[in-house]
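A note on names: the letters A, B, ... follow the listed sequences, proteins ahead of strands, and every chain is numbered from 1.
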There are 2 protein chains.
Amino acid sequence: MPRKSKTCPRREESLTRDHIIEVSIELLDSSGEGGLTFRALAERLATGPGALYWHIDNKSDLMTAACDSIVTRAMAESVEGETPKAAIRALALGMFDAIDAHPWVGSALTRALGQQPIVRIVERIGQQVRLLGVPNDHQWAAVSALLHYILGVSGQNAANTQFARTHALNRTDFLEAMANVWSQLDPEEYPFSRSVAGQLRTHDDREDYLAGIDLILAGIDANPSSNE
Amino acid sequence: MPRKSKTCPRREESLTRDHIIEVSIELLDSSGEGGLTFRALAERLATGPGALYWHIDNKSDLMTAACDSIVTRAMAESVEGETPKAAIRALALGMFDAIDAHPWVGSALTRALGQQPIVRIVERIGQQVRLLGVPNDHQWAAVSALLHYILGVSGQNAANTQFARTHALNRTDFLEAMANVWSQLDPEEYPFSRSVAGQLRTHDDREDYLAGIDLILAGIDANPSSNE
DNA sequence: AGTTAAAATGGAACAGTGTTCCATTTTCGG
DNA sequence: CCGAAAATGGAACACTGTTCCATTTTAACT
């Protein structure tokens, strides 16, 4: 690991952990999850793969760092929210949009549990859940439900986006295709999935997502405020 | 793809899609997600990697099939449940235990969205949500919230299990270590995560998980029964 | 300014992966 | 019994993350 030097570095754009992460994000955004390889990264940075390992432990470290960069940005942008519930909604939407813009974050976050990016999110949700007046011993359940819903739906959405991307069709066509498959399922065995296929076709992802958030928030309200 | 032959096949245990999937599950269970390689699989089946491709499209296909096998089994076992809520709880616990026993399913399911295993789960949840009396246009939000919570928590749990396994420590030690990290966070910046670290140390995963399910179920109850 | 140890670099090499290809063997209907 | 189709298994390909190491650049100290 390098330490900061006071004089100017070797060349105009020296190899920096931050710079490597920055280019990694560009690569991930443009070429998807499989687009980030040490070879491609090295080429863009005009160096060899070995040099990268001076600044980065391994690929998992790199992915986590890239995620953290996106999450940090998303959290900074969604600071608004006058009431705790509004703040949670804003935060949830911020994550949704961030993962929608950077689909690879969705799947990567599920492999970075307990690490920095997740802690950031947990903390923000937790503070609002506290303000909501949830008693101490119920806070974790509430935060956990919100966290996993947010990561789950955003991740699914991201997976859809990525699938659509790699198969060169837009989201509408993808949902259309999926709705078609679902609506052709055996009516005896899959009555619900069939009936809901129509909704899939026309639904607004963000709206459904927010509806789910409100559902969980309603549950937090309705839950017995325990022993106080 | 082979078609069923009436006479007995080449050797005692011929290469079958089902048999390949069966051995794949054994391999995944014993050696984790990275343990399933076409080389290892071929060795166990006493054949070459190329032969497998006659029965299986690619690795992703194989993983989805393996997941579907586990999910189908889990759903078949958790048929009990007198009330819709009890049925949902039983189903949720069934998935939790199945993913706990086969951690690789947790991460694999997030990459098999819209496919057979997921549809199976959606259908089962959906039928119970219907019985719960949720109006049509709110059913998808309810199912989606439950589905993503189930997959999210189970997946996190599985990730923890796998991490603990590969680092050769039991779950308690792992949670202990994670709680330690969290409790040493900056009190100014991470007050909630610090305070909740203690709960992490002693909590019962299954209990917290069920608490979250009940939270969402409460939200479904509390939600305005819309325009009817 | 000269010396020296540390920091940083970049390319070659390694072990491993999923997948393809194809010569060969086995199977079974006509 | 034969020939087409099904099935096999191993070699080869392109690619991956990672390690290694000779080399260059930097910064600090006489």
Side-chain angles (χ1 to χ4, degrees), chain A residues 1-24 27-28 30-67 104 107-108 111-112 166, chain B residues 1-24 27-28 30-67 104 107-108 111-112 166:
Chain A
M1 292 291 155
R3 44 185 206 143
K4 44 186 163 187
S5 59
K6 285 165 193 172
T7 70
C8 66
R10 160 183 310 211
R11 36 173 170 146
E12 217 54 40
E13 289 252 322
S14 159
L15 227 43
T16 303
R17 184 178 161 93
D18 282 343
H19 189 217
I20 293 176
I21 293 171
E22 193 184 328
V23 175
S24 296
L27 228 39
L28 285 163
S30 64
S31 315
E33 196 159 4
L36 177 62
T37 69
F38 279 78
R39 306 280 200 290
L41 197 50
E43 194 179 2
R44 276 225 187 183
L45 290 163
T47 179
L52 302 173
Y53 278 84
W54 187 260
H55 305 271
I56 275 157
D57 288 349
N58 47 48
K59 190 169 185 179
S60 150
D61 172 42
L62 179 58
M63 284 298 283
T64 306
C67 280
W104 48 273
S107 39
R111 275 167 264 144
T166 56
Chain B
M1 291 289 159
R3 44 185 204 145
K4 43 188 166 186
S5 59
K6 285 165 190 169
T7 71
C8 67
R10 158 186 307 211
R11 35 175 170 143
E12 218 53 40
E13 290 252 320
S14 160
L15 228 43
T16 303
R17 185 178 160 93
D18 282 343
H19 189 218
I20 293 176
I21 293 170
E22 193 184 329
V23 175
S24 297
L27 228 39
L28 286 162
S30 64
S31 315
E33 197 160 4
L36 178 63
T37 70
F38 279 79
R39 307 270 199 296
L41 196 51
E43 195 178 2
R44 276 226 186 183
L45 291 164
T47 180
L52 302 173
Y53 278 84
W54 187 262
H55 304 270
I56 276 157
D57 288 348
N58 47 46
K59 188 169 186 180
S60 151
D61 172 43
L62 179 57
M63 285 296 285
T64 306
C67 279
W104 48 272
S107 39
R111 275 167 264 144
T166 56

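Across the protein-nucleic acid pair, B:L62 atom CG and C:dG18 atom P stand 10 Å apart, rounded to whole Å. A straight line from CG of A:L41 to C1' of D:dC15 spans 16 Å, rounded to a whole angstrom. Between B:I56 atom CD1 and D:dA7 atom P the separation is 14 Å, expressed in whole Å. Rounded to an integer number of Å, the gap from CG of A:L45 to C1' of C:dA8 is 14 Å. The separation between B:E43 atom CD and C:dT17 atom P is 11 Å, rounded to whole Å. In this structure, B:L15 places its CG atom 18 Å from P of C:dT25, rounding to the nearest Å. Per the geometry, CZ belonging to B:R17 stands 17 Å off C1' belonging to D:dA6, to the nearest Å. Between A:I20 atom CD1 and C:dA8 atom C1' there is a gap of 11 Å when expressed in whole angstrom units.
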Tabulated below should be each protein N or O lying under 3.5 Å from an N or O of nucleotides 19-22 of chain C; please produce it.
residue, atom, partner, partner atom, Å
C:dT19, OP2, B:Y53, OH, 2.8
C:dT19, OP2, B:K59, N, 2.9
C:dT19, O5', B:Y53, OH, 3.1

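With sequence neighbours left out, the side chain to side chain contact (heavy atoms under 4.5 Å, CB included) criterion links A:E43 to no other residue. Every residue was checked against the side chain to side chain contact (heavy atoms under 4.5 Å, CB included) condition with A:S31, not counting sequence neighbours, and none meets it. Legend: residues meeting side-chain hydrogen bond (donor to acceptor under 3.5 Å, both in side chains) with A:E33, ordered by chain and number and at least two apart, are A:S107, A:R111. Partners of B:R39 by side-chain hydrogen bond (donor to acceptor under 3.5 Å, both in side chains), not counting sequence neighbours: none found.
Residue A:L36 is in sugar-phosphate contact alone, with no base atom involved, counting any heavy-atom pair closer than 4.0 Å across all strands shown.
A close approach under 4.0 Å does not occur between any side-chain nitrogen or oxygen of A:H55 and OP1 or OP2 of C:dA7. For B:W54 and D:dA7, the shortest distance from a side-chain N or O to OP1 or OP2 is below 4.0 Å. Put simply, B:T47 has no side-chain N or O that comes within less than 4.0 Å of OP1 or OP2 on D:dT8.
Nucleotides of DNA chain C nearest to B:G34 and A:G48 differ in position, and the one nearer the 5' end is that of A:G48.
With rounding to the nearest 0.5 angstrom, the NZ atom of A:K59 is 9.5 Å from the CG atom of A:L41.
Put simply, the side chain of B:T16 never gets that close to the backbone of B:H19: no donor and acceptor are under 3.5 Å apart.
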Point to revise | A:R17 vs A:D57, salt bridge (charged side-chain N to carboxylate O under 4.0 Å, His left out): CA-CA, chis, key distance, verdict | key: CA-CA 11 Å; A:R17 184 178 161 93; A:D57 288 349; 5.9 Å; no
